[in-house]
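In what follows, a structure is listed as structure tokens, so that the remarks can point back to it.
Predicted model only: the values in this text are computed from it and were never measured.
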Amino acid sequence: VHFTKFFSEEDFKYMKCQYQSNKIKNWSEVIDDDSINKDDGIYYSIPFFNKKGNYALVYREHLNSGDVLILKRNKDQWG
């Protein structure tokens with residue numbers, strides 16, 4: 001996947017600022033512990049958004065592998 005298809009250089013600078021100013025280290029800081037299924041062994045990073053807010057990058061880790069997900073917002077849903 002060529003990330004430049006979805007994100008501009010300015011978007012990456014914007015995401016870098018989000019990363020540097022991020023104070024959240026764990027999802028449990030923003031979501032109830034009861035909402036997190038800790039038994040599934042899947043962990044997600046905090047999302048980083050492009051400037052328009054219609055795309056996001058998320059890292060998903062499961063056991064010994066990981067994926068970078070590109071999510072697109074369509075109206076009020078992400079997918």
### Message
Run Phe6 and Leu57 through side chain to side chain contact (heavy atoms under 4.5 Å, CB included) and show every step you take.
### Response
CA-CA 10 Å; Phe6 302 96; Leu57 282 178; over 6 Å; no
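Under the salt bridge (charged side-chain N to carboxylate O under 4.0 Å, His left out) criterion, no residue pair touches residues 70-79, with sequence neighbours excluded.
With rounding to the nearest 0.5 angstrom, the OG1 atom of Thr4 is 11.0 Å from the CG atom of Asp11. In this structure, the separation between NZ on Lys51 and CE on Met15 is 11.5 Å, given to the nearest 0.5 Å.
Judged by distance alone, with hydrogens and angles left aside, the side-chain atoms of Asn50 form a donor-acceptor pair with the main-chain N or O of Tyr55 at under 3.5 Å.
What you find for Val58 and Pro47 is that their closest heavy atoms are CG2-CB, 3.7 Å.
By the criterion of side-chain heavy atoms lying less than 4.5 angstrom apart, applied directly or through intervening Ile, Leu, Val, Met, Phe, Trp or Tyr residues, Tyr19 is grouped together with Ile70 in one hydrophobic cluster.
Among residues two or more places apart in sequence or in another chain, the ring pair (Phe, Tyr, Trp, His ring centres under 6.0 Å) test is passed with Tyr59 by none. For Arg60, the side-chain contact (heavy atoms from CB on, under 4.5 Å) criterion is met by Ile42, Tyr44, Asp67, Leu69, not counting sequence neighbours.
Applying the ring pair (Phe, Tyr, Trp, His ring centres under 6.0 Å) test between Phe7 and each of Tyr14, Phe49, Phe12 identifies Phe12 as the sole match.
Under a cut-off of 6.0 angstrom, the local environment of CD in Glu9 is sparse, with at most 12 non-hydrogen atoms contributed by other residues, nucleotides or ligands.
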